[in-house]
Each structure stands twice: as C-alpha cells, then as structure tokens.
Amino acid sequence: MGLPRFAMASNSTGAPNASSPFELARDESFWREIATYYDRTEGILNLEHGYWGKMARPVQSAYLDAMRMVNAQNSFYARKDFDGDEAVATRRIANALGAHEDEIVITRNATEACHNLIRQYRGLGKGDAVLLADIDYPGFKTHMHWLAEGRGVRVVEIKLPVRATQPEIRDLYFQAFEENPNLKLMLVTHVSNQHGLVVPVAKITAEARRRGIDVICDAAQSWGLLDFTVSDLGVDWAAFNLHKWIGAPVGTGALYIRRGTLEKIAPYPGEQDPDNTIVARRVHPGTYNFAARLAIPAALDFHEQLGSAAKEARLRYLRSLWTDAALRMPHIEVLGGKDEASWTGIGSFRLAGKRTIEDATALQLRIEKDFGIFSVVRKGLASGGCVRITPQVFNRADELGRLVDALKGLAK
Ligand SMILES: Cc1ncc(COP(=O)(O)O)c(C=O)c1O
C-alpha cells in the first residue's frame with residue numbers, strides 16, 4: 001500500500017482540503033476514508049487507544065518489510081548500515097518536533113527517556129525538594145520518589161481538581177513554587193494519562209526557570225494527540241512516544257535534551273561524555289528492535305499527510321461528543337478539562353459518588369459486558385479511580401453515540 005489516497009486531496013501545505021481543521025473534524029466521510037487505512041478491532045467497540053496507537057497499513061507494511069530485511073541480512077545489515085538508517089529516523093523526529101538532530105535520541109519508549117532523565121539528574125543536594133502532581137504518570141511518580149529518597153530530598157505532591165481550567169492549573173503550580181522555595185526539580189506532564197488533562201507546560205516552565213527550578217517534561221501521551229513543537233513547550237528536557245499518537249510500531253520513543261543543557265543530565269552509568277555534547281550517551285538500550293525504528297519515517301509520513309492539526313481537532317470532536325452529553329447526566333462525574341484548552345481527545349468518568357478503584361473496576365467491566373465497549377481503569381488521581389475513554393481517528397461519531405447510550409443506561 002503506497003501513500004494514502006487522502007494525500008491527493010491535500011493542498012500545497014500538506015493539510016487536507018477543508019476550510020479548517022474544525023470543519024474537517026466533523027466530516028464523517030473524510031474520516032471514514034481514513035478508517036480504511038486501519039485494521040478494525042473485532043468483537044468489541046474499542047475506546048481504549050491511549051495504550052498505544054494502531055499502525056496504519058502503510059506503516060505496517062514498512063514495518064513488516066523492515067522486519068524481513070533485518071531478519072534476512074542480520075548482523076551484516078545491523079553492523080554496517082543500521083546506524084545510517086537510524087540517523088535518518090532521528091532526523092525525521094527532530095524535524096517533526098522542531099528540534100535539532102543532536103537534541104534527540106531514539107528510545108524504546110517514553111519510560112526509558114523519562115526514567116533516564118530522572119535517574120541521571122545531577123542537580124540535587126541536601127535540603128532540596130522535588131515537585132510532582134497526582135495527575136502525573138504513576139511509574140514516573142514512583143521514580144521521582146525513589147530519586148528523592150536516594151538523595152535525601154523532600155517530595156512535594158500537588159493535587160489538581162477533578163476538572164480544571166488552564167489558569168487554575170497554572171495557579172496551583174505557582175502556589176507550590178511560592179510555598180516551597182527549596183524546589184530544585186519538577187516533573188510536569190503535558191497530557192495526563194488519567195483523564196487527558198492538558199497542563200500549561202510553557203507557562204509553568206517559564207516561571208520555574210525564573211525561580212531556578214529544573215523541569216522534566218513527560219510528553220508521552222501528547223505528541224500527535226496535540227499539534228505542537230518543542231519550542232511551544234519551552235522545556236529543556238522531555239520524553240516522547242512514537243508508538244502512541246504518531247502511530248509507529250510499539251517500541252519507539254524519543255528523549256529530547258536541549259543543546260547546552262547536557263551538563264545537568266549525567267551520561268548513562270559507565271558512559272563517557274566529558275564535554276557534555278552527546279545526547280546519545282544518556283541512553284544505553286542494548287540490542288533493540290531495529291525494524292521498529294526503521295518504520296519511524298513511514299509513521300511520520302502518514303502522520304504528516306493527515307496533519308497534526310486535523311488529528312487534534314478530530315480527536316477533540318470525538319471526545320466532546322460523549323463529554324458534552326455526560327456533563328448533563330447527574331449520575332455521571334466527568335474528569336478532565338473545564339475549558340477547551342485543558343481538554344484533548346481523552347477524557348474520563350465515574351459514577352457520581354463512586355470513587356474507589358473497586359468502583360471504577362466494576363464500572364469498566366459493566367460497560368464491557370453490558371454494552372460491548374472496551375475502556376480502561378485509571379488509578380493515580382488523588383480523587384480516586386475512574387474509567388478512561390480514548391477514541392482514535394478511525395472511530396466514527398456514531399460509535400461515540402453508542403457510548404452516550406451506555407452512559408444513559410448506567411442510570412438504571
Ligand atoms: C502520560 C504518560 N506518561 C508516560 C507513559 C509511559 O509510556 P510508555 O509505557 O510507552 O513508556 C504513558 C503511557 O501511557 C503516559 O500516558
């Protein structure tokens with residue numbers, strides 16, 4: 001399968017022909033065509049696409065071709081030509097993120113990128129504190145706690161409201177800065193894995209920088225879900241995934257370290273970088289899936305053909321189809337954004353007053369068994385458990401209608 005047919009309908013900027021992403025987001029026939037590029041999940045309506053992104057067929061083909069080639073050529077390819085091909089993939093990632101090539105290293109996932117940033121951070125000393133929030137990714141919160149314990153520093157954890165606006169989120173971070181003058185490092189999540197809440201990273205980072213607080217940004221869930229570049233985030237260090245919303249094979253992520261800031265992130269244990277110029281020295285993955293990395297350019301081709309703005313608008317629209325209805329249902333509590341800037345395509349909910357993990361687990365099962373809709377329980381929020389709903393670009397508006405009917409059915 002070659003380049004997607006919808007490329008033919010694109011204008012010279014590469015964006016599909018429609019007067020705006022907002023209008024295109026509501027054009028079911030366009031998205032029906034996009035859906036033809038994806039294999040359908042059988043036996044259930046799958047609304048849990050926050051785990052990883054399904055590859056579009058052109059990406060799948062590139063991946064399978066690469067796998068066959070790597071398997072046939074084996075070490076003769078890997079030892080002689082892979083580095084050059086990987087450099088092409090790295091360049092493509094850098095271009096797509098608006099970064100320099102020497103600021104990016106490909107990782108196996110965002111976890112590898114973020115864990116290395118946390119573990120190899122050099123800046124902490126006695127009396128310092130680190131900051132995180134309840135909406136951060138559970139595996140990164142535990143890593144921050146581990147770091148703090150090892151270095152004898154205090155952990156400050158802020159709790160965000162069940163729903164919040166951009167100014168409310170920003171003010172809670174600023175208040176934490178004000179109340180904890182010894183903060184030295186913080187984790188900030190661009191889009192929460194719990195309910196898709198968008199955190200105003202650039203504003204928070206600018207203030208953190210003014211106060212001498214270093215920032216590690218978790219952009220694992222946001223790249224491809226939202227339309228942005230690294231300069232929009234304004235951070236020095238970030239972790240990305242390519243296997244979520246970019247649609248590359250599972251096993252692909254990226255670490256970003258801005259030029260001139262390598263000194264504070266030590267090389268991977270045992271690696272050398274005396275002049276602090278080589279970002280790749282911050283990672284040591286061992287042998288990994290060569291073919292997955294070789295398919296990255298194909299994934300970025302497909303992603304760019306469709307366009308970040310069009311994807312973001314479609315996903316926001318699909319989310320609004322169920323959250324707008326759910327917000328009018330007294331038996332449902334919706335979690336996530338309170339203003340549109342704080343929302344993404346992802347949202348969460350629970351039954352009003354039912355906040356335990358057991359409640360959320362029973363709710364997820366009921367939606368699956370009684371209504372044939374697959375979703376996932378999220379457990380990290382201070383306010384309790386919830387069920388996350390994550391449509392993908394190939395989901396149809398009427399499928400979100402099925403979810404709305406299920407939510408109504410939960411009143412009984
Ligand atoms: C916000 C966030 N951070 C980090 C991760 C970890 O990503 P991965 O398991 O691909 O490393 C996820 C995965 O869902 C996530 O949503």
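Just so we're clear, the structure is a prediction, and the values are computed from it rather than from any experiment. Counting starts at 1 for both ligands and their atoms, following the listed order.
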Is it true that Y77 and F290 have ring centroids separated by less than 6.0 Å?
->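 No, the ring of Y77 stays outside the 6.0 Å limit from the ring of F290, centre to centre.
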I need the minimum non-hydrogen distance between [X] and [Y], along with the two atoms involved.
X: N241; Y: A220; answer: CB-O, 3.3 Å
X: H190; Y: V201; answer: CA-CG2, 3.7 Å
X: A341; Y: V198; answer: O-CB, 3.5 Å

Extract all N/O-N/O pairs under 3.5 Å that connect ligand 1 to the protein, and present each with both atom names and the distance rounded to 0.1 Å.
residue  : atom   : partner : partner atom : Å
ligand 1 : 3 (N)  : D218    : OD1          : 3.2
ligand 1 : 3 (N)  : D218    : OD2          : 2.7
ligand 1 : 7 (O)  : N241    : ND2          : 3.2
ligand 1 : 10 (O) : N241    : OD1          : 3.3
ligand 1 : 10 (O) : N241    : ND2          : 2.9
ligand 1 : 10 (O) : H243    : NE2          : 2.8
ligand 1 : 11 (O) : A110    : N            : 3.3
ligand 1 : 11 (O) : T111    : N            : 2.8
ligand 1 : 11 (O) : T111    : OG1          : 2.6
ligand 1 : 14 (O) : K244    : NZ           : 2.6
ligand 1 : 16 (O) : Q221    : NE2          : 2.9

For residues 366-384, run the donor-acceptor check on the side chains, cut-off 3.5 Å, and write out each pair with its distance to 0.1 Å, sequence neighbours left out.
residue : atom : partner : partner atom : Å
R366    : NH2  : K412    : O            : 3.4
E368    : OE1  : Q364    : NE2          : 3.0
S383    : OG   : R350    : NH2          : 2.8

Looking at Y121, does the NZ or CZ of R119 lie under 6.0 angstrom from its six-membered ring centre and within 45 degrees of the ring axis?
->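 Ring-cation test returns no.
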